[in-house]
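Both ligands and their constituent atoms are indexed starting at 1 by order of listing.
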Amino acid sequence: MSQLSVKHLLGIKDLTPKDIELILETASQFKEVINRPIKKVPSLRDVTIANVFFENSTRTRLSFELAQKRLSADTINFSAAASSVKKGETLLDTVNNILAMKVDMIVMRHASVGAPHFLSKHISANIINAGDGTHEHPTQALLDSFSIKEKLGSVAGKRVCIFGDILHSRVALSNIFALKKQGAEVMVCGPATLIPKFIGELGVKVEFDLRKALLWCDVANVLRIQLERQTIKYFPSLREYAQYYGINKQLLDSLNKEIVIMHPGPINRGVELSSDVADSQHSIILDQVENGVAVRMAVMYLLAGNK
Ligand code: CP
C-alpha cells in the first residue's frame, strides 16, 4: 500500500508531489463512497480524533467532523472559547490533557503561526493543521487542487491566479505550494500593500491589474479581505477595494472567455465577489465545500496508517 512521506499534515511545504497525488487519488475513491446511499465505511473504527479549534470556523470544522463520522472514527470537539484556556491553561497542557483520554489524532486550528509545528515536537499523536494564523491551511489547498482537477481534468499546465489579501492568507501560501508542486502556473493579484515582498521567491507572477490577471488565468481563486488580521489600513475603504479588485458579472462578461471562479469562504459578498458571480455557472465554490469532506477523509485515513 502507498504511504505518505509524513506523519503529520503541518503544511503543503512538507509534502512531495507523490504525497499530493496519493491524497487526491484516495479522495476520489472516498468521493465515490460518500455519494452512495450508505455513506459510511469502517476505515477508522477504533481511532479517536480530537478537533481542537482555537479560532472560529464553519467549513473546516464541520467538514472534518463529517469526514470523521463517514470513516466511523470516534470524535471529540474542543472550542477554546468554552474551555479552560480562558482560565490560563497553556496549549501544551490543553493538548496533553486531551491526549490523556487516549486520543490518536489532533485536528487543530490556531491563530499563531507554527502552533501545530510546536505541538508536533512534543506529542506522539498525528497532527493535522486546520489553519495556523497567516501561515498554512493545507487541507484547503488540497481540496482546491481536487476541485480544479475535477473541473478541468488536471492541475498541471493550468494558469491559476489568486486574488486579494495574499499578505494575510494561509490559503494563498498553501495553494502556491500545492499548485507549483503539481506543475501549474501561478499568479497573485491584488493591491501592492497586500502582496508580500518575498512572493517572487516562490516562483509566482505578480499582477496589480485585475482585468489583465483575469485575462491571463484559467482559474480565479478569490480570497477574503482578512480585516481581523489587519492592524493598519492597507487600502482606503472596502468600497474602493471593491471598485478596483471586486469581480462582478459585467467584468466577467466583458472578458468573453471561460473562467473558473473559486473562493475558500467565507465570502464578503459585494467586496471581492458580487453575488451574481459567486452564484453563477462560473463558480465551483460549493463543489469545493463538497470535495472538502472527501479530501479530509483521505488525509485522516492515510495519516492513521502512518503511526
Ligand atoms: N475555508 C475555511 O477555512 O473556512 P472556515 O474558516 O469557515 O473553516
Side-chain angles (χ1 to χ4, degrees), residues 9-13 23-24 27 49-70 75 77-82 106-116 127-148 150-151 160 162-179 188 190 219-230 247 260-269 271-273 277-279 283-300:
L9 179 58
L10 302 177
I12 301 289
K13 192 176 181 197
I23 293 168
L24 300 190
I49 306 177
N51 299 308
V52 181
F53 278 67
F54 289 86
E55 252 195 358
N56 293 344
S57 170
T58 298
R59 279 145 292 269
T60 310
R61 184 173 175 156
L62 292 179
S63 180
F64 267 112
E65 271 188 62
L66 192 57
Q68 290 151 5
K69 287 180 168 53
R70 298 282 189 249
T75 63
N77 294 306
F78 165 93
S79 168
I106 299 276
V107 175
M108 186 173 81
R109 172 168 287 191
H110 203 284
S112 297
V113 168
I127 300 169
I128 299 174
N129 179 4
D132 62 323
T134 57
H135 183 217
E136 281 227 41
H137 190 349
T139 56
Q140 179 68 45
L142 290 165
L143 74 88
D144 289 343
S145 286
F146 186 96
S147 303
I148 293 171
E150 186 177 65
K151 182 73 182 173
V160 182
I162 307 170
F163 290 88
D165 188 355
I166 313 298
L167 187 66
H168 300 99
S169 175
R170 53 196 177 206
V171 175
L173 190 59
S174 286
N175 259 281
I176 290 168
F177 288 139
L179 293 164
V188 295
V219 177
N221 195 350
V222 188
L223 305 179
R224 179 175 68 89
I225 292 291
Q226 301 204 27
L227 289 174
E228 75 276 19
R229 297 193 205 279
Q230 297 182 9
I247 300 178
V260 177
I261 300 287
M262 301 175 71
H263 194 301
I267 304 169
N268 287 318
R269 286 177 182 260
V271 180
E272 67 269 6
L273 274 185
V277 172
D279 305 328
S283 164
I284 59 164
I285 294 169
L286 291 179
D287 299 311
Q288 290 173 260
V289 178
E290 180 185 343
N291 292 334
V293 177
V295 166
R296 289 176 174 122
M297 286 172 79
V299 167
M300 290 186 286

Enquirer: Tell me, which residues have any heavy atom less than 4.0 Å from some atom of ligand 1?
Expert: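 Ligand 1 pocket, heavy atoms under 4.0 Å: Ser57, Thr58, Arg59, Thr60, Arg109, His137, Gln140, Pro264, Gly265.
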Enquirer: Between Glu136 (side chain only) and Lys13 (backbone N and O only), is there a donor and an acceptor less than 3.5 Å apart?
Expert: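 Side chain of Glu136 to backbone of Lys13, a donor-acceptor pair under 3.5 Å: yes, one is there.
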Enquirer: Could you tell me the separation between the CD1 atom of Ile23 and the CD1 atom of Ile12, rounded to the nearest 0.5 Å?
Expert: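 The CD1 atom of Ile23 sits 6.5 Å away from the CD1 atom of Ile12.
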Enquirer: Measure across Glu272 and Pro266 and return the closest heavy-atom pair with its distance rounded to 0.1 Å.
Expert: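 Distance-wise, the nearest heavy atoms are OE2-O, 4.3 Å.
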Enquirer: In chain order, what residues pass the salt bridge (Lys or Arg N to Asp or Glu O under 4.0 Å) check against Asp287, with sequence neighbours excluded?
Expert: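 Salt bridge (Lys or Arg N to Asp or Glu O under 4.0 Å) check on Asp287 returns nothing, list empty.
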Enquirer: For Phe64, does the six-membered ring have the charged nitrogen or CZ of Arg296 within the cation-pi criterion, i.e. under 6.0 angstrom from the centroid and within 45° of the normal?
Expert: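 Yes, Arg296 sits over the ring of Phe64.
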Enquirer: What's the spacing between Asp132 CG and His137 NE2 if we round to 0.5 Å?
Expert: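 Result: 10.0 Å between the selected atoms.
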